[in-house]
Student: 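Below you will find the structure I want to go over with you.
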Amino acid sequence: MNTKPTLDELFERRITYPDFEPQARLARLVGLDEQKARLGKILGLLVNPGGLAAWAQRHHPGAEALLDAVLRRPPLVVLAGDVGSGKTELAETIGDAVARQEKIDITLLPLSLSTRGQGRVGEMTQLLSAAFDYTVAEATKLKSSGGKARGAVILLVDEADALAQSREAAQMHHEDRAGVNAFIRGIDRIANAKLPAAVLMCTNRLSALDPAVRRRAADVLSFARPSDEQRRFVLSSRLESIGFSRHHVDALVAATGAQHGGRDFGFTFSDLTQRLLPGIVLDAYPAKAIDGARAVEIARAMAPTPPFKDGTAA
């Protein structure tokens, strides 16, 4: 590549928070309260490290060494877990909550999968370096000499194992190793400059990430399939308002969970919201009303998305 990559080549799009659409999407994410809270705190500290100092002054005066350990963590968070568990949706919407909390604008830059390039020598490394160059340049404009930043940037890397897979893999091409090195350098650049920026990585294969990348993570948030209680909330909050009985909701919860003597896994969040609920509606539309017993039949006949097999222990 002889020319500098364009923004369209580097990022799928730009999302600026606060915005009502991601706010509504974030509110619809149920069962992820712990992940929401932890990720929101980490991103909030990047934007407003002075908030931690004010907290310590109130509750733990003299805790400067402890605060330094918290604030020196690399600005990288890994969201790891099964398919359809809400990782990417949370990563794409949490910026809205932080923007509203800190009263600033936050820009999300979702790294395009085409950043892996077309296999030409040096291409992936150049594309990754350019993506971090742009992120650093944007965040530098927002950095404040003291106190809260004027804004923040989040670089989102979905399917992160495709870009930051372990360099220990014997079959790994030299160019792929160079790309991982470029990725690590980019994270270190953001950390060393103490910029109001963070990198969020989503992966189904935590063990496939390069060890050096995993070591740099300030936190690894785990995502699992919804429990009975979480599935009940997703289903009842949408079906009870149209007259579904508790009996039918209970039957749907049972049908969407693990089955004795059969599959040992239940539905994912996306299975419920993107497949089952639309399937129930479309089965009745346009000639009849939705029927609870028929909805249970649909759920029992529908197969959930199989778990992703990582292969090696994380």
Side-chain angles (χ1 to χ4, degrees), residues 1 5 9-12 35 38-39 42-43 46 69 72-83 85 87-88 90-92 108-136 139 153-195 197-224 307-314:
M1 294 178 63
E9 290 178 292
L10 297 175
F11 309 111
E12 295 176 0
Q35 292 93 332
R38 286 171 60 184
L39 186 54
I42 293 171
L43 297 178
L46 288 171
R72 285 177 63 86
R73 295 186 302 171
L76 169 65
V77 180
V78 177
L79 283 61
D82 206 351
V83 294
S85 55
K87 303 182 302 296
T88 302
L90 178 59
E92 290 185 349
L108 179 74
L109 301 174
L111 192 65
S112 173
L113 284 179
S114 64
T115 303
R116 282 176 290 182
Q118 304 300 318
R120 292 187 289 270
V121 175
E123 183 176 17
M124 185 175 76
T125 301
Q126 184 175 353
L127 284 164
L128 280 172
S129 297
F132 275 102
D133 285 344
Y134 185 82
T135 301
V136 167
V153 179
I154 299 173
L155 177 62
L156 172 59
V157 185
D158 203 1
E159 299 185 29
D161 45 278
L163 288 174
Q165 60 184 304
S166 176
R167 291 165 295 178
E168 297 174 348
Q171 72 277 17
M172 193 176 195
H173 190 274
H174 169 75
E175 169 57 18
D176 292 328
R177 297 177 192 272
V180 175
N181 290 335
F183 195 92
I184 293 171
R185 287 196 301 270
I187 294 171
D188 290 344
R189 285 177 64 191
I190 295 173
N192 294 335
K194 293 182 169 57
L195 297 175
V199 179
L200 300 183
M201 304 180 72
C202 300
T203 180
N204 302 327
R205 304 169 59 219
L206 181 61
S207 64
L209 294 183
D210 189 87
V213 174
R214 294 176 62 180
R215 284 197 301 271
R216 281 164 171 75
D219 208 343
V220 176
L221 304 184
S222 298
F223 293 73
F308 189 91
K309 301 298 184 183
D310 199 343
T312 56

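Because the structure is predicted, anything quoted here is derived from the model rather than measured.
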Student: Using modelled atom types only, decide if a donor and an acceptor are shared between the side chain of Asp219 and the backbone of Leu221 within a distance under 3.5 Å.
Tutor: no
Student: Sort out for me which residue in Val220, Leu206, Val78 forms a side chain to side chain contact (heavy atoms under 4.5 Å, CB included) with Arg214.
Tutor: Leu206
Student: Hey, can you tell me if Phe183 and Phe132 have their rings parallel, tilted or perpendicular (30° and 60° cut-offs)?
Tutor: perpendicular
Student: Given the rule in the side chain to side chain contact (heavy atoms under 4.5 Å, CB included) test, do Glu12 and Asp158 qualify, once you have shown the distances and angles that lead to the verdict?
Tutor: CA-CA 11 Å; Glu12 295 176 0; Asp158 203 1; over 6 Å; no
Student: Are Pro74 and Ile190 side-chain neighbours, meaning at least one heavy-atom pair lies under 4.5 Å?
Tutor: no
Student: Does Lys194 reach the main-chain N or O of Arg72 with its side chain, forming a donor-acceptor pair under 3.5 Å?
Tutor: no
Student: Got a sec, which residues hit side-chain hydrogen bond (donor to acceptor under 3.5 Å, both in side chains) with Gln35, two or more places apart in sequence or on another chain?
Tutor: none
Student: Checking Asp188 now: which residues fulfil side-chain contact (heavy atoms from CB on, under 4.5 Å) with it, not counting sequence neighbours?
Tutor: Ile184, Asn192, Arg216
Student: Counting C-beta onward and ignoring hydrogens, is there a side-chain heavy-atom pair between Lys87 and Asn204 closer than 4.5 Å?
Tutor: yes
Student: Could you tell me whether the side chain of Leu195 reaches within less than 4.5 Å of the side chain of Val153, counting heavy atoms only?
Tutor: no
Student: Please evaluate residues Leu200 and Leu39 with respect to the criterion side chain to side chain contact (heavy atoms under 4.5 Å, CB included), reporting the C-alpha separation (whole Å), side-chain torsions for both, the decisive distance (0.1 Å), and the verdict.
Tutor: CA-CA 10 Å; Leu200 300 183; Leu39 186 54; 3.7 Å; yes
Student: Show, in sequence, the C-alpha distance, side-chain angles and deciding distance for Arg189 and Asp133, and conclude whether the salt bridge (Lys or Arg N to Asp or Glu O under 4.0 Å) test is met.
Tutor: CA-CA 9 Å; Arg189 285 177 64 191; Asp133 285 344; 2.6 Å; yes
Student: Among residues at least two apart in sequence or on other chains, which ones pass side-chain contact (heavy atoms from CB on, under 4.5 Å) with Ala182?
Tutor: Thr125, Leu128, Ser129, Arg185
